[in-house]
There are 2 protein chains.
Amino acid sequence: MTVDPDSVVPLFEQIAELLRADIKSGKLPRGRRVPSELSLCQEFDVSRDTVRKSIRLLRDEELVVTRAGKGTFVAELKR
Amino acid sequence: MTVDPDSVVPLFEQIAELLRADIKSGKLPRGRRVPSELSLCQEFDVSRDTVRKSIRLLRDEELVVTRAGKGTFVAELKR
DNA sequence: AAATATTTGTACGTATGTATG
DNA sequence: GCATACATACGTACAAATATT
């Protein structure tokens with residue numbers, strides 16, 4: 001999966017959409033930890049700021065829950 | 001009004017609480033523009049990032065609405 | 001138990017783009 | 001064109017919570 005820095009769609013939205021797709025498809029099943037912010041930075045070659053904005057979107061949608069020191073996990077409910 | 005950088009309460013939450021209080025008290029009435037990010041940065045001597053986090057909280061609570069190039073305004077409804 | 005590594009949280013700074021006045 | 005204001009995106013540093021060794 002890849003991301004287009006020249007798209008009118010902001011990077012953080014593109015990344016959120018990719019993660020969203022992985023969640024909805026079951027590639028990232030309930031309870032599974034989402035890759036760490038750092039690894040997402042590396043995977044998509046973006047800043048942590050951008051990754052965190054993506055994750056915040058998913059959190060606002062209650063697709064994931066985040067716990068300090070642990071990680072971000074695919075939500076158990078709401079799907 | 002002031003803010004305490006040594007508090008356990010994050011700066012962005014402290015600032016959000018001050019703005020929230022101004023809204024609820026009517027000091028910032030419906031439709032009124034909230035001070036710009038820059039002026040809030042100066043008033044509280046914090047970074048723009050911190051100010052934006054505060055405003056995001058209020059936006060999540062639907063207390064304010066933000067429009068690019070215009071400003072952030074106290075929401076008309078929901079109060 | 002203690003030190004280390006990992007992961008998220010907060011906070012700062014800068015640059016550039018877009019929308020509005 | 002210019003000034004103001006918010007949006008996106010990059011970077012850094014350190015703190016706090018949790019894992020691992």
Side-chain angles (χ1 to χ4, degrees), chain A residues 1-20 22-23 28 30-76, chain B residues 1-20 22-23 28 30-76:
Chain A
M1 279 305 185
T2 183
V3 119
D4 174 16
D6 296 325
S7 167
V8 289
V9 180
L11 287 171
F12 75 91
E13 285 183 15
Q14 294 183 51
I15 293 170
E17 180 51 34
L18 291 176
L19 292 173
R20 207 180 279 119
D22 283 349
I23 291 171
L28 282 176
R30 292 175 269 167
R32 170 73 54 82
R33 213 197 70 185
V34 174
S36 73
E37 294 175 357
L38 180 57
S39 67
L40 290 172
C41 291
Q42 295 166 339
E43 175 178 357
F44 296 113
D45 194 28
V46 297
S47 71
R48 195 177 157 210
D49 181 66
T50 298
V51 163
R52 283 175 65 78
K53 277 181 190 150
S54 305
I55 290 173
R56 169 140 211 179
L57 283 187
L58 302 181
R59 204 160 45 229
D60 287 350
E61 297 165 17
E62 297 180 293
L63 279 178
V64 301
V65 294
T66 297
R67 271 172 297 179
K70 293 200 70 173
T72 293
F73 300 82
V74 180
E76 293 289 350
Chain B
M1 277 307 185
T2 184
V3 118
D4 175 15
D6 296 325
S7 166
V8 288
V9 180
L11 287 170
F12 76 91
E13 285 184 15
Q14 293 182 53
I15 292 170
E17 180 51 34
L18 292 176
L19 293 172
R20 206 180 281 119
D22 283 350
I23 291 171
L28 283 175
R30 291 175 270 166
R32 171 73 53 79
R33 211 197 72 184
V34 173
S36 74
E37 293 176 355
L38 180 56
S39 65
L40 290 172
C41 291
Q42 293 166 341
E43 175 178 356
F44 297 113
D45 194 28
V46 297
S47 72
R48 193 171 159 218
D49 180 66
T50 299
V51 164
R52 283 173 65 77
K53 278 180 192 154
S54 305
I55 290 174
R56 169 139 215 180
L57 282 187
L58 302 181
R59 204 158 49 229
D60 287 349
E61 296 164 18
E62 296 181 295
L63 280 179
V64 301
V65 293
T66 297
R67 269 171 299 177
K70 294 201 70 176
T72 294
F73 301 82
V74 179
E76 293 289 350

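Sequence lines set the chain letters: A, B, ... in the order given, protein chains first and strands last, and positions in each chain run from 1. This is a predicted model, so every value here is computed, not measured.
Atom CG of B/D45 is surrounded by 12 or fewer heavy atoms from other residues, nucleotides or ligands within 6.0 Å.
Across the protein-nucleic acid pair, A/R33 atom CZ and D/dT18 atom C1' stand 11 Å apart, rounded to whole Å. Going from atom CZ of B/R56 over to atom C1' of C/dT10 covers 15 Å, rounded to whole Å. Summarising the geometry, the separation between CD on A/E37 and C1' on D/dG11 is reported as 15 Å, rounded to the nearest angstrom. One interatomic measurement links the two molecules: CD of B/E13 to C1' of D/dA15, which rounds to 15 Å at whole-angstrom precision. If you measure from atom CG of B/D49 to atom C1' of D/dC14, you get 14 Å, rounded to the nearest angstrom. Here the C1' atom of nucleotide D/dT4 and the CG atom of B/L40 are 15 Å apart, to the nearest Å. The separation between B/R52 atom CZ and D/dC6 atom P is 8 Å, rounded to whole Å. One can place CG of A/D45 at 12 Å from C1' of D/dA9, the figure rounded to the nearest angstrom.
Of the residues A/E61, A/E62, A/R56, the one that meets the side-chain contact (heavy atoms from CB on, under 4.5 Å) test with A/R59 is A/R56. With A/I15 as the partner, the side-chain contact (heavy atoms from CB on, under 4.5 Å) test is satisfied by one option alone out of A/I55, A/T50, A/L58, A/L40: A/T50.
Heavy atoms of A/S47 sit under 4.0 angstrom from at least one base atom.
Annotated as anti: C/dA19, whose O4'-C1'-N torsion sits more than 90° from 0.
With hydrogens and angles ignored, no donor-acceptor pair under 3.5 angstrom links the side chain of A/R67 to the base of C/dG9.
In this structure, CD1 on A/I23 lies 13.0 Å from CZ on A/R30, to the nearest 0.5 angstrom.
OP1 and OP2 of D/dA5 both lie 4.0 Å or more from every side-chain N or O belonging to B/T72. Distances shorter than 4.0 Å separate some side-chain N or O of B/T50 from OP1 or OP2 on C/dC12. Not one side-chain nitrogen or oxygen of B/R48 sits closer than 4.0 Å to the OP1 or OP2 atom of C/dT14. OP1 and OP2 of D/dA9 both lie 4.0 Å or more from every side-chain N or O belonging to A/K53.
Nearest-nucleotide assignment on DNA chain D puts the 5′-proximal partner with B/G69, out of B/G69 and A/V51.
Side-chain contact between A/L57 and A/F12 is present, with heavy atoms from C-beta onward closer than 4.5 Å.
Across C/dG9, D/dC10, C/dA19, the shortest atom-to-atom separation from the side chain of B/A68 is found for C/dA19. Side chain of A/K70, nearest nucleotide from D/dT18, C/dA11, D/dT8: D/dT18. Distances from the side chain of A/L11 to the nucleotides D/dA7, D/dC10, C/dG9 place D/dC10 closest.
C/dT4 is unpaired under the criterion used here, namely a Watson-Crick or G-U wobble arrangement in which both key atom distances are under 3.5 Å.
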